[in-house]
Enquirer: 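Here's a structure for you.
Given the structure is predicted, the values throughout are model-derived calculations rather than measurements. We number each residue from 1, following the sequence as shown.
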Amino acid sequence: MSDESGNAIELLDCAPTADSFLDEVLRGLGRPQKSLPCKYFYDERGSALFERICELEEYYPTRTEVAIMRAHLPEMADLLGPGCMIVEYGSGNGMKIRLLLDHLKDPAAYVPVEISREHLLRAAAALSRDYPRLDVLPVCADFTGRFDLPRGKRPVARRIGFFPGSTIGNFTREEAAGLLGRISAVLGEGGGLLIGVDLKKDKAVLEAAYNDSLGVTRDFNLNILENINRTLGAGFRIDRFGHRAFYDDALGRIEMHLVSLEDQTVRVGGVEFSFAEGETIHTENSHKYSLEDFAGIAAEGGFAVRRVWTDPDRLFSVQHLTAESG
(Lines give C-alpha, C1' and ligand atoms only; values in the text may rest on other atoms or scores of the structure.)
Protein backbone atom coordinates (compact mmCIF):
# COMPACT_ATOMS: atom_id res chain seq x y z
CA MET A 1 0.00 0.00 0.00
CA SER A 2 1.13 3.59 -0.67
CA ASP A 3 0.15 6.96 0.66
CA GLU A 4 -1.17 9.67 -1.65
CA SER A 5 2.37 10.89 -2.45
CA GLY A 6 3.37 7.42 -3.64
CA ASN A 7 5.50 6.44 -0.62
CA ALA A 8 5.27 2.72 0.03
CA ILE A 9 3.70 1.61 3.32
CA GLU A 10 5.21 -1.73 4.32
CA LEU A 11 3.00 -3.67 6.72
CA LEU A 12 4.40 -6.18 9.18
CA ASP A 13 1.44 -8.55 9.43
CA CYS A 14 1.31 -10.57 12.66
CA ALA A 15 -2.50 -10.56 12.97
CA PRO A 16 -4.18 -13.48 14.78
CA THR A 17 -5.27 -16.28 12.47
CA ALA A 18 -8.87 -17.44 12.13
CA ASP A 19 -7.86 -20.66 13.92
CA SER A 20 -6.50 -18.79 16.93
CA PHE A 21 -9.61 -16.56 16.92
CA LEU A 22 -11.82 -19.68 16.97
CA ASP A 23 -9.77 -21.31 19.73
CA GLU A 24 -10.09 -18.23 21.96
CA VAL A 25 -13.84 -17.95 21.33
CA LEU A 26 -14.48 -21.63 22.08
CA ARG A 27 -12.38 -21.45 25.23
CA GLY A 28 -14.18 -18.33 26.46
CA LEU A 29 -17.67 -19.62 25.76
CA GLY A 30 -16.84 -22.91 27.48
CA ARG A 31 -16.21 -21.23 30.85
CA PRO A 32 -18.86 -21.16 33.64
CA GLN A 33 -18.95 -17.37 33.17
CA LYS A 34 -18.92 -17.15 29.40
CA SER A 35 -16.50 -14.55 28.07
CA LEU A 36 -14.99 -13.21 24.86
CA PRO A 37 -11.63 -11.43 24.35
CA CYS A 38 -12.29 -7.70 23.98
CA LYS A 39 -9.59 -7.36 21.29
CA TYR A 40 -12.13 -8.87 18.87
CA PHE A 41 -14.31 -5.78 19.16
CA TYR A 42 -11.89 -4.14 16.75
CA ASP A 43 -12.68 -5.31 13.28
CA GLU A 44 -13.22 -2.49 10.77
CA ARG A 45 -16.80 -1.76 11.89
CA GLY A 46 -15.92 -2.03 15.57
CA SER A 47 -13.04 0.41 15.16
CA ALA A 48 -15.38 2.89 13.48
CA LEU A 49 -17.94 2.49 16.26
CA PHE A 50 -15.27 3.11 18.89
CA GLU A 51 -14.34 6.36 17.15
CA ARG A 52 -17.99 7.40 17.51
CA ILE A 53 -17.94 6.46 21.21
CA CYS A 54 -14.95 8.76 21.72
CA GLU A 55 -17.05 11.70 20.50
CA LEU A 56 -20.06 11.03 22.77
CA GLU A 57 -21.05 13.53 25.44
CA GLU A 58 -21.12 10.86 28.16
CA TYR A 59 -17.72 9.41 27.27
CA TYR A 60 -15.29 11.65 29.16
CA PRO A 61 -11.97 9.72 28.71
CA THR A 62 -11.02 10.82 25.19
CA ARG A 63 -11.74 14.53 25.46
CA THR A 64 -10.21 14.68 28.96
CA GLU A 65 -7.03 12.89 27.89
CA VAL A 66 -6.68 15.11 24.82
CA ALA A 67 -7.16 18.24 26.97
CA ILE A 68 -4.41 17.05 29.35
CA MET A 69 -2.07 16.39 26.45
CA ARG A 70 -2.74 19.76 24.81
CA ALA A 71 -2.00 21.53 28.10
CA HIS A 72 1.34 19.76 28.64
CA LEU A 73 2.67 18.75 25.22
CA PRO A 74 5.91 20.80 25.34
CA GLU A 75 6.87 19.19 28.66
CA MET A 76 5.92 15.71 27.41
CA ALA A 77 7.99 16.17 24.26
CA ASP A 78 11.01 17.31 26.28
CA LEU A 79 10.78 14.24 28.50
CA LEU A 80 10.55 11.87 25.53
CA GLY A 81 13.52 13.50 23.82
CA PRO A 82 14.77 13.85 20.23
CA GLY A 83 15.33 11.08 17.70
CA CYS A 84 12.99 8.55 19.33
CA MET A 85 11.09 5.66 17.83
CA ILE A 86 7.48 5.81 19.04
CA VAL A 87 5.63 2.49 19.37
CA GLU A 88 1.88 3.04 19.81
CA TYR A 89 -0.11 0.17 21.31
CA GLY A 90 -3.65 0.14 19.89
CA SER A 91 -3.12 3.05 17.51
CA GLY A 92 -6.69 3.45 16.20
CA ASN A 93 -7.13 6.38 13.84
CA GLY A 94 -3.85 8.06 14.87
CA MET A 95 -5.49 11.21 16.23
CA LYS A 96 -3.56 11.40 19.51
CA ILE A 97 -0.15 10.60 18.04
CA ARG A 98 -0.48 13.66 15.81
CA LEU A 99 -0.52 15.85 18.93
CA LEU A 100 2.81 14.36 19.98
CA LEU A 101 4.36 14.39 16.52
CA ASP A 102 3.69 18.12 16.20
CA HIS A 103 5.86 18.74 19.28
CA LEU A 104 8.54 16.03 19.21
CA LYS A 105 11.98 16.96 17.96
CA ASP A 106 12.94 14.97 14.87
CA PRO A 107 11.32 11.59 15.72
CA ALA A 108 13.14 8.72 14.00
CA ALA A 109 10.14 6.44 13.36
CA TYR A 110 6.54 5.72 14.30
CA VAL A 111 5.32 2.14 14.77
CA PRO A 112 1.51 1.90 15.08
CA VAL A 113 0.41 -1.51 16.40
CA GLU A 114 -3.25 -2.30 15.72
CA ILE A 115 -5.33 -5.48 15.26
CA SER A 116 -7.72 -4.00 12.65
CA ARG A 117 -5.72 -4.26 9.41
CA GLU A 118 -7.71 -1.95 7.12
CA HIS A 119 -8.10 0.67 9.83
CA LEU A 120 -4.34 0.51 10.47
CA LEU A 121 -3.38 0.86 6.82
CA ARG A 122 -5.61 3.89 6.26
CA ALA A 123 -4.28 5.66 9.34
CA ALA A 124 -0.66 4.82 8.46
CA ALA A 125 -1.08 6.11 4.90
CA ALA A 126 -2.60 9.37 6.16
CA LEU A 127 0.25 9.88 8.65
CA SER A 128 2.89 9.11 6.04
CA ARG A 129 1.31 11.70 3.74
CA ASP A 130 1.04 14.38 6.43
CA TYR A 131 4.49 13.72 7.97
CA PRO A 132 6.65 12.94 4.91
CA ARG A 133 9.94 12.96 6.87
CA LEU A 134 8.64 10.41 9.35
CA ASP A 135 9.31 6.69 8.87
CA VAL A 136 5.86 5.08 9.42
CA LEU A 137 6.14 1.33 10.07
CA PRO A 138 2.73 -0.27 10.76
CA VAL A 139 2.39 -3.62 12.55
CA CYS A 140 -0.90 -5.54 12.42
CA ALA A 141 -0.88 -7.57 15.62
CA ASP A 142 -2.50 -8.36 18.93
CA PHE A 143 -0.30 -6.09 21.01
CA THR A 144 -0.72 -8.29 24.08
CA GLY A 145 1.35 -10.97 22.33
CA ARG A 146 4.94 -10.98 21.18
CA PHE A 147 5.94 -9.37 17.90
CA ASP A 148 9.13 -7.98 16.39
CA LEU A 149 9.58 -4.28 15.76
CA PRO A 150 10.32 -3.35 12.15
CA ARG A 151 13.65 -1.72 11.35
CA GLY A 152 13.53 1.91 10.34
CA LYS A 153 15.84 3.78 8.02
CA ARG A 154 17.28 6.10 10.65
CA PRO A 155 19.21 5.57 13.88
CA VAL A 156 17.04 5.57 17.01
CA ALA A 157 18.08 7.42 20.16
CA ARG A 158 15.58 5.56 22.36
CA ARG A 159 12.30 3.69 22.08
CA ILE A 160 9.17 5.29 23.51
CA GLY A 161 5.88 3.49 24.06
CA PHE A 162 2.63 5.41 23.61
CA PHE A 163 -0.40 3.73 25.18
CA PRO A 164 -3.26 6.24 25.40
CA GLY A 165 -6.95 5.81 26.17
CA SER A 166 -6.55 3.83 29.42
CA THR A 167 -6.60 0.59 27.43
CA ILE A 168 -4.41 -0.77 30.22
CA GLY A 169 -7.65 -0.85 32.26
CA ASN A 170 -8.95 -3.75 30.15
CA PHE A 171 -6.63 -6.10 32.02
CA THR A 172 -6.59 -7.52 35.53
CA ARG A 173 -3.76 -6.36 37.79
CA GLU A 174 -1.70 -9.48 37.02
CA GLU A 175 -2.36 -9.17 33.26
CA ALA A 176 -1.57 -5.44 33.26
CA ALA A 177 1.73 -5.95 35.08
CA GLY A 178 2.63 -8.75 32.66
CA LEU A 179 1.80 -6.60 29.63
CA LEU A 180 3.85 -3.71 31.00
CA GLY A 181 6.73 -6.13 31.52
CA ARG A 182 6.58 -7.18 27.87
CA ILE A 183 6.40 -3.54 26.77
CA SER A 184 9.43 -2.75 28.93
CA ALA A 185 11.36 -5.58 27.24
CA VAL A 186 10.45 -4.25 23.78
CA LEU A 187 11.46 -0.68 24.63
CA GLY A 188 14.76 -1.79 26.11
CA GLU A 189 17.28 0.10 28.20
CA GLY A 190 16.45 3.80 28.48
CA GLY A 191 12.92 3.25 27.18
CA GLY A 192 9.97 5.34 28.28
CA LEU A 193 6.21 4.99 28.18
CA LEU A 194 3.54 7.69 27.90
CA ILE A 195 0.31 6.07 29.08
CA GLY A 196 -3.29 7.12 29.69
CA VAL A 197 -4.71 5.92 33.02
CA ASP A 198 -8.36 6.40 34.00
CA LEU A 199 -8.99 7.35 37.63
CA LYS A 200 -11.62 6.34 40.17
CA LYS A 201 -14.62 8.67 40.32
CA ASP A 202 -18.35 8.87 40.92
CA LYS A 203 -20.16 5.67 39.93
CA ALA A 204 -22.87 7.57 38.03
CA VAL A 205 -20.28 9.25 35.79
CA LEU A 206 -18.64 5.91 35.07
CA GLU A 207 -21.84 4.03 34.28
CA ALA A 208 -23.14 6.82 32.02
CA ALA A 209 -19.93 6.66 29.97
CA TYR A 210 -20.60 3.00 29.09
CA ASN A 211 -24.39 3.27 28.67
CA ASP A 212 -24.70 6.21 26.29
CA SER A 213 -28.11 7.57 25.34
CA LEU A 214 -27.56 6.99 21.60
CA GLY A 215 -26.78 3.29 22.03
CA VAL A 216 -23.39 3.44 20.29
CA THR A 217 -21.68 1.46 23.08
CA ARG A 218 -24.47 -1.13 22.82
CA ASP A 219 -23.79 -1.49 19.08
CA PHE A 220 -20.05 -1.69 19.75
CA ASN A 221 -20.58 -4.46 22.30
CA LEU A 222 -22.90 -6.43 20.02
CA ASN A 223 -20.47 -6.06 17.12
CA ILE A 224 -18.18 -8.67 18.68
CA LEU A 225 -20.89 -11.24 17.90
CA GLU A 226 -21.19 -9.93 14.35
CA ASN A 227 -17.40 -10.22 13.96
CA ILE A 228 -17.57 -13.84 15.17
CA ASN A 229 -20.40 -14.55 12.72
CA ARG A 230 -18.55 -12.96 9.79
CA THR A 231 -15.13 -14.43 10.50
CA LEU A 232 -15.99 -17.84 11.93
CA GLY A 233 -19.39 -18.54 10.36
CA ALA A 234 -21.09 -18.68 13.76
CA GLY A 235 -24.83 -18.49 14.30
CA PHE A 236 -25.38 -15.70 16.81
CA ARG A 237 -28.73 -13.92 16.42
CA ILE A 238 -27.79 -10.39 17.31
CA ASP A 239 -31.37 -9.39 18.11
CA ARG A 240 -31.45 -12.03 20.86
CA PHE A 241 -28.76 -10.30 22.94
CA GLY A 242 -28.72 -7.04 24.86
CA HIS A 243 -26.03 -4.77 26.34
CA ARG A 244 -25.26 -4.36 30.04
CA ALA A 245 -22.50 -2.25 31.65
CA PHE A 246 -22.07 -1.60 35.37
CA TYR A 247 -19.44 -0.52 37.88
CA ASP A 248 -18.23 -3.12 40.38
CA ASP A 249 -17.12 -1.21 43.48
CA ALA A 250 -15.25 -4.14 45.00
CA LEU A 251 -13.15 -4.77 41.88
CA GLY A 252 -12.89 -1.11 40.88
CA ARG A 253 -13.97 -1.69 37.31
CA ILE A 254 -16.66 -1.28 34.72
CA GLU A 255 -17.81 -4.64 33.38
CA MET A 256 -19.46 -4.97 29.97
CA HIS A 257 -21.65 -7.97 29.27
CA LEU A 258 -23.93 -9.25 26.54
CA VAL A 259 -27.19 -10.60 27.96
CA SER A 260 -29.15 -13.44 26.39
CA LEU A 261 -32.74 -12.22 26.01
CA GLU A 262 -34.16 -15.75 25.86
CA ASP A 263 -33.24 -19.42 26.20
CA GLN A 264 -31.27 -20.26 23.06
CA THR A 265 -28.56 -22.40 21.50
CA VAL A 266 -25.77 -21.02 19.30
CA ARG A 267 -23.38 -23.02 17.13
CA VAL A 268 -19.76 -21.81 16.81
CA GLY A 269 -17.18 -23.85 14.90
CA GLY A 270 -19.31 -26.96 15.08
CA VAL A 271 -19.79 -26.65 18.86
CA GLU A 272 -23.18 -25.85 20.40
CA PHE A 273 -23.47 -23.50 23.37
CA SER A 274 -26.68 -23.15 25.37
CA PHE A 275 -27.73 -19.82 26.90
CA ALA A 276 -30.40 -19.40 29.54
CA GLU A 277 -32.51 -16.25 29.49
CA GLY A 278 -30.57 -13.60 31.43
CA GLU A 279 -27.23 -15.41 31.13
CA THR A 280 -24.34 -13.16 30.15
CA ILE A 281 -21.15 -13.15 28.12
CA HIS A 282 -18.48 -11.02 29.80
CA THR A 283 -16.87 -9.00 27.00
CA GLU A 284 -14.75 -6.29 28.64
CA ASN A 285 -13.37 -4.85 31.86
CA SER A 286 -12.30 -1.25 32.30
CA HIS A 287 -10.42 -0.84 35.58
CA LYS A 288 -10.23 2.56 37.26
CA TYR A 289 -7.25 3.37 39.46
CA SER A 290 -5.96 5.57 42.21
CA LEU A 291 -2.54 7.02 41.40
CA GLU A 292 -1.02 4.85 44.14
CA ASP A 293 -2.65 1.67 42.76
CA PHE A 294 -1.32 2.25 39.29
CA ALA A 295 2.20 3.12 40.51
CA GLY A 296 2.28 -0.32 42.15
CA ILE A 297 1.19 -2.07 38.94
CA ALA A 298 3.79 -0.11 36.96
CA ALA A 299 6.51 -1.20 39.40
CA GLU A 300 5.46 -4.84 39.02
CA GLY A 301 5.85 -4.39 35.25
CA GLY A 302 9.34 -2.92 35.51
CA PHE A 303 8.46 0.77 35.25
CA ALA A 304 8.80 3.74 37.56
CA VAL A 305 6.32 6.63 37.41
CA ARG A 306 8.26 9.82 36.70
CA ARG A 307 5.55 12.37 35.95
CA VAL A 308 1.76 12.50 36.25
CA TRP A 309 -0.55 15.04 34.62
CA THR A 310 -4.27 15.21 35.44
CA ASP A 311 -7.25 17.39 34.56
CA PRO A 312 -8.61 19.83 37.20
CA ASP A 313 -11.37 17.38 38.20
CA ARG A 314 -8.94 14.42 38.40
CA LEU A 315 -11.06 12.31 36.08
CA PHE A 316 -8.09 11.01 34.08
CA SER A 317 -4.31 11.00 34.04
CA VAL A 318 -1.49 10.86 31.53
CA GLN A 319 1.69 9.39 33.02
CA HIS A 320 5.34 9.24 31.96
CA LEU A 321 7.04 6.00 33.01
CA THR A 322 10.63 4.91 32.56
CA ALA A 323 11.88 1.35 32.32
CA GLU A 324 13.85 0.28 35.37
CA SER A 325 17.11 -1.56 34.70
CA GLY A 326 17.43 -5.05 36.07
Side-chain angles (χ1 to χ4, degrees), residues 38-39 54 59-73 75-76 79-80 86-92 96-97 99-100 113 143-144 159-188 190-203 205-207 209-210 245-256 284-326:
C38 63
K39 63 190 173 187
C54 293
Y59 194 76
Y60 64 87
T62 301
R63 63 174 177 271
T64 308
E65 183 177 37
V66 167
I68 293 168
M69 289 185 66
R70 289 189 187 280
H72 301 284
L73 276 166
E75 183 183 0
M76 292 177 182
L79 287 170
L80 302 186
I86 309 160
V87 183
E88 183 173 8
Y89 293 83
S91 54
K96 293 172 189 173
I97 193 62
L99 300 175
L100 266 186
V113 185
F143 64 71
T144 65
R159 291 173 176 172
I160 297 295
F162 184 44
F163 198 11
S166 200
T167 306
I168 193 68
N170 293 156
F171 307 96
T172 65
R173 183 185 184 101
E174 182 180 45
E175 291 167 343
L179 176 57
L180 289 174
R182 291 190 292 277
I183 291 174
S184 177
V186 167
L187 300 179
L193 178 64
L194 194 66
I195 185 169
V197 179
D198 203 1
L199 303 178
K200 290 186 175 180
K201 59 186 67 66
D202 183 80
K203 181 177 181 178
V205 174
L206 288 168
E207 292 192 340
Y210 295 84
F246 59 91
Y247 184 69
D248 185 315
D249 288 285
L251 296 174
R253 70 190 189 192
I254 287 283
E255 291 190 11
M256 286 214 313
E284 186 179 57
N285 294 318
S286 186
H287 289 83
K288 313 303 173 184
Y289 306 98
S290 69
L291 295 179
E292 295 76 18
D293 286 342
F294 187 75
I297 294 171
E300 290 175 30
F303 282 100
V305 178
R306 298 302 186 190
R307 186 74 171 86
V308 176
W309 301 271
T310 66
D311 59 288
D313 296 323
R314 293 177 72 86
L315 297 175
F316 199 92
S317 69
V318 178
Q319 306 191 23
H320 176 234
L321 318 182
T322 54
E324 296 288 90
S325 59

Enquirer: Testing the basics here: between Leu291 and Arg314, what is the closest heavy-atom pair and its distance to 0.1 Å?
Expert: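 Looking at all heavy atoms of both residues, the closest pair is CD1-NH2, 3.1 Å.
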Enquirer: Just verifying a value: how many Å separate Phe162 CZ and Ile97 CD1, rounded to the nearest 0.5 Å?
Expert: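 It is 5.0 Å, given to the nearest 0.5 Å.
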Enquirer: Can you give me the closest heavy-atom contact between Val305 and Leu321, atom names plus distance?
Expert: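 Nearest heavy atoms, Val305 then Leu321: CG2-CD2, 3.5 Å.
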Enquirer: If we ignore angles and hydrogens, is there a donor and acceptor under 3.5 Å between the side chains of Gln319 and Ser317?
Expert: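 There is such a pair between these side chains.
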Enquirer: Is there side-chain contact between Ile195 and Tyr89, with at least one heavy-atom pair below 4.5 Å?
Expert: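 No, side chains not in contact.
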Enquirer: In the structure I gave you, are the side-chain heavy atoms of Leu194 and Trp309 within less than 4.5 Å of one another anywhere?
Expert: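 Result yes, sub-4.5 Å side-chain heavy-atom pair found.
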Enquirer: Quick one, Phe143 and Val186 - any side-chain contact, counting heavy atoms below 4.5 Å?
Expert: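 Contact flag for Phe143/Val186 side chains = no.
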Enquirer: Can you tell me how far CG of Leu79 sits from NE2 of His72, rounded to the nearest 0.5 angstrom?
Expert: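 It comes to 12.0 Å.
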Enquirer: Distance from Lys203 atom NZ to Tyr247 atom OH, nearest 0.5 Å?
Expert: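 Atom-to-atom, Lys203:NZ and Tyr247:OH are 9.0 Å apart.
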Enquirer: Between Asp311 and Phe316 (side chain of the first, backbone of the second, donor and acceptor by atom type, cut-off under 3.5 Å), is there such a pair?
Expert: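 It does hold such a pair.
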Enquirer: For Phe171 and His287, what are the C-alpha separation, side-chain angles and deciding distance, and is it a side-chain contact (heavy atoms from CB on, under 4.5 Å)?
Expert: CA-CA 7 Å; Phe171 307 96; His287 289 83; 6.0 Å; no
Enquirer: How close do Ser286 and Tyr210 get, heavy atom to heavy atom, and via which atoms?
Expert: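 Closest pair (atom of Ser286, atom of Tyr210, distance): OG-OH, 3.0 Å.
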Enquirer: Taking all non-hydrogen atoms of both residues into account, name the closest pair between Tyr59 and Cys54 and its distance.
Expert: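 So the two residues come closest at CD2-CA, 3.9 Å.
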Enquirer: Can you give me the closest heavy-atom contact between Val318 and Ile68, atom names plus distance?
Expert: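 Looking at all heavy atoms of both residues, the closest pair is CG2-CG2, 3.8 Å.
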Enquirer: Can you find a heavy atom in the side chain of Lys288 that is under 4.5 Å from one in the side chain of Leu206?
Expert: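 Lys288 reaches Leu206 side chain to side chain.
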Enquirer: Which residues satisfy the salt bridge (charged side-chain N to carboxylate O under 4.0 Å, His left out) test with Arg173, sequence neighbours excluded?
Expert: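 Only Glu300 meet the salt bridge (charged side-chain N to carboxylate O under 4.0 Å, His left out) criterion with Arg173.
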Enquirer: How many angstroms lie between CG in Leu100 and CE in Met69, if you round to the nearest 0.5 Å?
Expert: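 Going from CG on Leu100 over to CE on Met69, the span is 4.0 Å.
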Enquirer: Could you check Ile86 against Leu80 for side-chain contact (heavy atoms from CB on, under 4.5 Å), going step by step and ending with a plain yes or no?
Expert: CA-CA 9 Å; Ile86 309 160; Leu80 302 186; over 6 Å; no
Enquirer: Considering residues at least two apart in sequence or located in another chain, which fulfil the side-chain hydrogen bond (donor to acceptor under 3.5 Å, both in side chains) criterion with Arg307?
Expert: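 In terms of side-chain hydrogen bond (donor to acceptor under 3.5 Å, both in side chains), with neighbours along the sequence ignored, Arg307 is linked to Glu75.
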Enquirer: If I take atom CG from residue Asp248 and atom CD1 from residue Ile254, how far apart are they, to the nearest 0.5 angstrom?
Expert: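 Nearest 0.5 Å value for the CG-CD1 distance: 9.5 Å.
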Enquirer: State whether a side-chain donor-acceptor pair under 3.5 Å links Lys201 with Tyr60.
Expert: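 Yes - a donor-acceptor pair under 3.5 Å links their side chains.
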Enquirer: Do Thr64 and Asp313 come close enough that some side-chain heavy atom pair is under 4.5 Å?
Expert: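 Answer no - side chains too far apart.
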Enquirer: Any non-hydrogen side-chain atom of Glu88 less than 4.5 Å from a side-chain atom of Pro164?
Expert: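 In contact.
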Enquirer: To check you understand the geometry: which heavy-atom pair defines the closest contact between His320 and Thr322, and what is its length?
Expert: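 So the minimum-distance heavy-atom pair works out to CE1-CG2, 3.8 Å.
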Enquirer: For residues Asn170 and Thr167, is any side-chain donor paired with an opposing acceptor at under 3.5 Å?
Expert: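 Thr167 and Asn170 do not have a side-chain donor-acceptor pair below 3.5 Å.
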Enquirer: Quick one: list whatever passes side-chain hydrogen bond (donor to acceptor under 3.5 Å, both in side chains) with Arg182, sequence neighbours left out.
Expert: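 Here no residue qualifies.
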Enquirer: Are Leu199 and Phe294 packed together at the side-chain level, in the sense that at least one heavy-atom pair is separated by less than 4.5 angstrom?
Expert: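 Contact flag for Leu199/Phe294 side chains = no.
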Enquirer: Is there side-chain contact between Ile168 and Ile297, with at least one heavy-atom pair below 4.5 Å?
Expert: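 Answer no - side chains too far apart.
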Enquirer: Salt bridge or not between Glu292 and Lys200? Use side-chain N to carboxylate O under 4.0 Å.
Expert: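 Answer for the salt bridge query: no.
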Enquirer: With side-chain contact (heavy atoms from CB on, under 4.5 Å) as the criterion, how do Glu175 and Leu179 come out once you've worked through the C-alpha distance, each side chain's angles and the decisive distance to 0.1 Å?
Expert: CA-CA 6 Å; Glu175 291 167 343; Leu179 176 57; over 6 Å; no
